[in-house]
Novice: 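Could you have a look at this structure, given as structure tokens, before my questions?
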Amino acid sequence: MPAKLLYMYVFTEKDKGITAVVIILACFLSGVYFAKFYQPQNKTKGIYKQALKDYQNGNYSNAYYLFSKVSKTSKLKPVAIYRQALCAKALGDKDSELRQYQTLFQSYPNSKLSMEAKYQAGQILLDENPRLAQKYFNSVAGADVPEDYKIASNYYKAKITASKLRYSGKVLSRSKMKEIETPFRDYLEKYSDGRLAVNVANNWTKFNPNLKPKDAVLIARAYYLAGLASDAEKVLEKVNVKNSWAVRASLAAKKNDQEKVNSLVEEGVSKYSEYADRADYKRAIDDYLKLNKPSRTAIFGLFENAKGNGKDYIWNLKCEHSPSSEKYSCYKDLYITYPKSEYSPTALEKMMLDRIKAKDYANARALGKQFISKYPDSEYIPEILFWVGKMELRYNSLENVRYFQEVINKYPDSYYAYRSFWILKSLGSAVIPANLDYKPVVYPYRYPSQNDILFHLMLVNDYEMMSKLTKDDFIKSWVEYEKGNYAVSAHLAQDAMAKMTVKPVKSDLRWRLVYPQNYYRQVKNSAAEYKNNDALMMAIIREESFFNSEAQSGVGAIGLMQLMPATAHDIGAKSGISFNTSHLFNPELNIKIGNLYYSTIRGMLENKDVSAIAAYNGGIGSVTRWKSTLKYSDTDEFVEQIPYDETKNYVKKVFRSYWNYTRIYQK
């Protein structure tokens, strides 16, 4: 073999040996790394669950240690670090808390918790290292975070700058003053009763004792809403009445100083309405009416003197307090005088209903169509469409079907969708016989992918962090449901559904959160026993207590169906059922007695469910009187004419819920 080839052969053999050693060493180190950092998912899940349990039980030291043991390769690691910070905070260890926040946003900058951690770190460093804190807040303010975080971060940045300059002795330029004060102003305009409002007010007054009148009123409002009346009054000492009358009136009302309230409000609405914030204006008027009885006399007197901005609010109150014979002209004048007021749609709606009550259907139909054209996105649209449909039906116009169908298609969960369906199907009774399927509340969408942090948080039941890491209110509702907070869950889902301009199909899982079938087995059994409609009984429970079995009203009504103890004992005794009052908190007993009570009042009202639901809220005596004195042509006119707004709205809410239970769960 030639020498050159021999050399190459030897070198290659040697090189192979080195390569083998390197590979072996790499495998060894990988094994060590793998052994140290890899953690089976089940083990991670177990560690996290135990840590969370310790945290919830107040064992923060052990929780801190266990959260640290969550594998660095786990999707849960950033959350575990954040949880460590919370443990340290609970233990009063600021250094460890800060260290964990910094570890989180430095090691996991793309985590959804990164900016939250930076915001919290900035708060800790406000006094110790304001320069670094300002850097953190600047980062948060420029990130894609909720508006409240941006506004609060900008405030903290301004606070730090103001603290530096307050003791510097420098004369600040107008632009510099504006730069600093704008974040203070932004916060108090947006969140006058927010968590930081008093802090903002305190720092602003320290920075600039010579506030502009509008800014002083902003600060005074924040103090007032926080219950710090003396601080509010002190801020207003240098502010003239012209700019501050509305807030001053509310402060005087806190002291029941009727003479001062009257003087301020009467002069304010007459001379200075344009200088008052609208919310302050309304609050001052409401305070005035609380102190001056009867309200009708007070509001009429105030109306005569009121001028300029805000009079539309007083005008609307005047219409509410006017005799029935004068309501139409009152609302008509309001509508004509303030065509762009927030009360214009209300005025037009009231005018239409008044014409229906007067049997002036031609004008009622014209007003309804005018409303549809002018306010197509109003909250009243389902009601208006329904009534125009009824009037088209009265005039034998085939257009009625189009209006009723539009209500059902666009507003499927509304009370008026129920009434539209009832008319189109020519049903003979208020309730629609239907067999319901039981369908449990489940996660409102397809489960998130395994790459989504929500998926991993679901595995360990960390519902608190799920709420923090999602913007979806239906998921937040589901979280509250899983935690057993049924009332909170239903309210969250209801509000989320109300914001949707296009409603999902009735089989969509989100509807179950809005109308859950909690306690359905007990409801079905008791409803069958007392010949009640089970969907209607579910509706009563939802509207009375939102499924909070521990609910107790200010007047003493108890439990799921909000039974008055005396009434419950009386009804029970007549059927041989005795119990202690505290037993009414028991869901099964409460539902049984509630069904028995409803069956009783329905029987006393010719087995009419609309009358019985009205009586459940307003009393049998009231309903009997209304049925004999009100002038109505059908059920819909009767409901609209119920004199008690609370009872009228109750009837609509219960039948809306009833309709949705039937619509969503019907077999």
Side-chain angles (χ1 to χ4, degrees), residues 37-60 62-90 97 100-121 143-146 148-149 440-486 488-490 492-493 496 509-510 512-513 516:
F37 294 105
Y38 173 74
Q39 195 174 74
Q41 185 174 344
N42 283 341
K43 185 174 181 182
T44 300
K45 180 179 172 183
I47 291 171
Y48 194 100
K49 274 190 166 184
Q50 184 57 52
L52 184 61
K53 184 177 180 181
D54 284 341
Y55 177 84
Q56 292 167 342
N57 290 334
N59 190 357
Y60 301 116
N62 202 53
Y64 183 96
Y65 169 75
L66 287 174
F67 280 125
S68 74
K69 292 299 179 183
V70 171
S71 171
K72 290 184 178 180
T73 62
S74 171
K75 293 279 187 183
L76 289 168
K77 188 60 178 179
V79 188
I81 294 171
Y82 187 83
R83 282 282 186 192
Q84 281 185 276
L86 295 181
C87 290
K89 183 176 184 178
E97 182 187 359
Q100 296 307 319
Y101 288 139
Q102 290 173 327
T103 298
L104 175 52
F105 63 73
Q106 288 166 2
S107 301
Y108 301 92
N110 295 324
S111 167
K112 292 181 180 180
L113 287 168
S114 178
M115 285 299 146
E116 165 79 15
K118 195 167 282 192
Y119 177 81
Q120 298 296 343
D144 181 20
V145 295
D148 55 342
Y149 276 91
V441 167
V442 294
Y443 189 75
Y445 308 102
R446 286 185 177 182
Y447 267 42
S449 73
Q450 293 190 27
N451 290 324
D452 193 323
I453 185 60
L454 294 182
F455 173 82
H456 296 274
L457 290 170
M458 286 170 67
L459 292 178
V460 294
N461 301 328
D462 194 343
Y463 300 125
E464 182 183 355
M465 295 307 298
M466 284 191 72
S467 286
K468 181 178 280 293
L469 292 173
T470 183
K471 295 178 182 178
D472 190 304
D473 285 334
F474 288 106
I475 294 178
K476 292 180 179 181
S477 169
W478 176 79
V479 164
E480 292 301 328
Y481 191 91
E482 290 295 298
K483 290 160 65 176
N485 298 330
Y486 300 138
V488 175
S489 171
L492 274 171
L509 298 176
R510 288 171 289 185
R512 299 190 200 178
L513 285 163

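Heavy atoms only: backbone and side chains are in, while hydrogens, waters and symmetry mates are out.
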Novice: Tyr149 and Glu116: side-chain donor and acceptor closer than 3.5 Å?
Specialist: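 Per modelled atom types, Tyr149 and Glu116 side chains form a pair under 3.5 Å.
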Novice: Drop me the distance from Gln120's CD to Leu113's CG, to the nearest 0.5 angstrom.
Specialist: 10.5 Å
Novice: Hey, are the side chains of Tyr119 and Tyr101 touching, using non-hydrogen atoms and a 4.5 Å cut-off?
Specialist: no
Novice: With sequence neighbours excluded, what pairs up with Tyr55 under the ring-ring contact (aromatic ring centres under 6.0 Å, His included) test?
Specialist: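 With sequence neighbours excluded, Tyr55 shows a ring-ring contact (aromatic ring centres under 6.0 Å, His included) to Tyr60, given in chain and number order.
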Novice: How close do Ile47 and Leu66 get, counting heavy atoms only, and between which atoms?
Specialist: CG2-O, 3.2 Å
Novice: List the atom of Ser71, the atom of Thr44, and the distance in Å for their closest heavy-atom pair.
Specialist: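 It is CB-OG1, 4.3 Å.
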Novice: I would like to know whether Ser489 and Ser477 meet side chain to side chain donor-acceptor pair (under 3.5 Å); could you show each step before the answer?
Specialist: CA-CA 4 Å; Ser489 171; Ser477 169; 3.0 Å; yes
Novice: Measure the shortest side-chain to side-chain distance between Gln41 and Leu459 over non-hydrogen atoms and say whether it is less than 4.5 angstrom.
Specialist: yes
Novice: Taking all heavy atoms of Leu513 and all of Pro516, pick out the closest pair and write down the distance.
Specialist: O-CD, 3.5 Å
Novice: Could you tell me which non-hydrogen atom of Ala85 sits nearest to which non-hydrogen atom of Glu97, and how far apart they are?
Specialist: O-CG, 3.5 Å
Novice: In Å, rounded to the nearest 0.5 Å, how long is the span from CD1 of Ile81 to CG of Leu86?
Specialist: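 Taking CD1 in Ile81 and CG in Leu86, the distance rounds to 12.5 Å.
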Novice: Considering the options Ser107, Ser111, Pro109, which one meets the side-chain contact (heavy atoms from CB on, under 4.5 Å) requirement together with Pro78?
Specialist: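 The single option meeting the side-chain contact (heavy atoms from CB on, under 4.5 Å) with Pro78 is Ser111.
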Novice: Taking only residues two or more places apart in sequence, or in another chain, which ones meet Arg512 in a salt bridge (Lys or Arg N to Asp or Glu O under 4.0 Å)?
Specialist: none
Novice: CE/Met466 to CG/Asn461 distance, rounded to the nearest 0.5 angstrom?
Specialist: 9.5 Å
Novice: Using a distance-only test with no angle check, is there a side-chain donor-acceptor pair under 3.5 angstrom linking Asp472 and Tyr445?
Specialist: yes
Novice: Sequence neighbours left out, what passes side chain to side chain contact (heavy atoms under 4.5 Å, CB included) with Asn57? Give chain and number order.
Specialist: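 Testing Asn57 for side chain to side chain contact (heavy atoms under 4.5 Å, CB included), a comparison that skips the adjacent residues, returns Lys53.
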Novice: Give the C-alpha distance, both sets of side-chain angles, the deciding distance and a yes or no for side chain to side chain contact (heavy atoms under 4.5 Å, CB included) between Arg83 and Met465.
Specialist: CA-CA 9 Å; Arg83 282 282 186 192; Met465 295 307 298; 3.6 Å; yes
Novice: Restricting to side-chain hydrogen bond (donor to acceptor under 3.5 Å, both in side chains), what partner residues turn up for Gln106, sequence neighbours left out?
Specialist: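 With neighbours one apart ignored, the set is empty.
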Novice: What pairs with Gln84 under side-chain hydrogen bond (donor to acceptor under 3.5 Å, both in side chains), at least two apart in sequence or on another chain?
Specialist: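 Partners of Gln84 by the side-chain hydrogen bond (donor to acceptor under 3.5 Å, both in side chains) criterion come out as none, since no residue qualifies.
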Novice: Please determine whether the number of non-hydrogen atoms from other residues, nucleotides or ligands lying under 6.0 Å from atom NZ of Lys69 exceeds 12.
Specialist: no
Novice: Rounded to the nearest 0.5 Å, what's the gap from CG on Asn62 to CG on Asn59? Could you check?
Specialist: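 With rounding to 0.5 Å, CG (Asn62) is 5.0 Å from CG (Asn59).
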Novice: Please report the interatomic distance CZ(Arg510) to CD1(Ile475), rounded to the nearest 0.5 Å.
Specialist: 10.0 Å
Novice: Does the side chain of Gln100 reach to within under 4.5 Å of the side chain of Tyr64, using non-hydrogen atoms?
Specialist: yes
Novice: Mind checking ring-ring contact (aromatic ring centres under 6.0 Å, His included) for Tyr447 and listing every partner two or more places apart, or none if nothing turns up?
Specialist: Tyr443
Novice: Mind checking side-chain hydrogen bond (donor to acceptor under 3.5 Å, both in side chains) for Asp148 and listing every partner two or more places apart, or none if nothing turns up?
Specialist: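 Not a single residue meets the side-chain hydrogen bond (donor to acceptor under 3.5 Å, both in side chains) criterion with Asp148.
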Novice: According to salt bridge (Lys or Arg N to Asp or Glu O under 4.0 Å), who are the partners of Asp473, at least two apart in sequence or on a separate chain?
Specialist: Lys499
Novice: So Lys75 and Phe455, do their side chains get closer than 4.5 Å, heavy atoms only?
Specialist: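 A side-chain contact under 4.5 Å is absent here.
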Novice: Of all residues at least two apart in sequence or in a different chain, which pass the side chain to side chain contact (heavy atoms under 4.5 Å, CB included) check with Val460?
Specialist: Lys45, Tyr48, Lys49, Leu76, Asp462
Novice: To the nearest 0.5 Å, what is the distance between CG on Asp54 and OH on Tyr65?
Specialist: 12.0 Å
Novice: Who pairs with Phe474 by ring-ring contact (aromatic ring centres under 6.0 Å, His included), at least two apart in sequence or on another chain?
Specialist: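 If we apply the ring-ring contact (aromatic ring centres under 6.0 Å, His included) test to Phe474, skipping adjacent residues, there are no hits.
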Novice: State which residues pass ring-ring contact (aromatic ring centres under 6.0 Å, His included) with Phe105; sequence neighbours excluded, sorted by chain then number.
Specialist: Tyr136
Novice: Which residues satisfy the side chain to side chain contact (heavy atoms under 4.5 Å, CB included) test with Ser467, sequence neighbours excluded?
Specialist: Lys476, Val479
Novice: Determine yes or no for a side-chain-to-main-chain donor-acceptor pair under 3.5 angstrom, with Lys72 supplying the side chain and Lys77 the backbone.
Specialist: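 Checked: no pair found.
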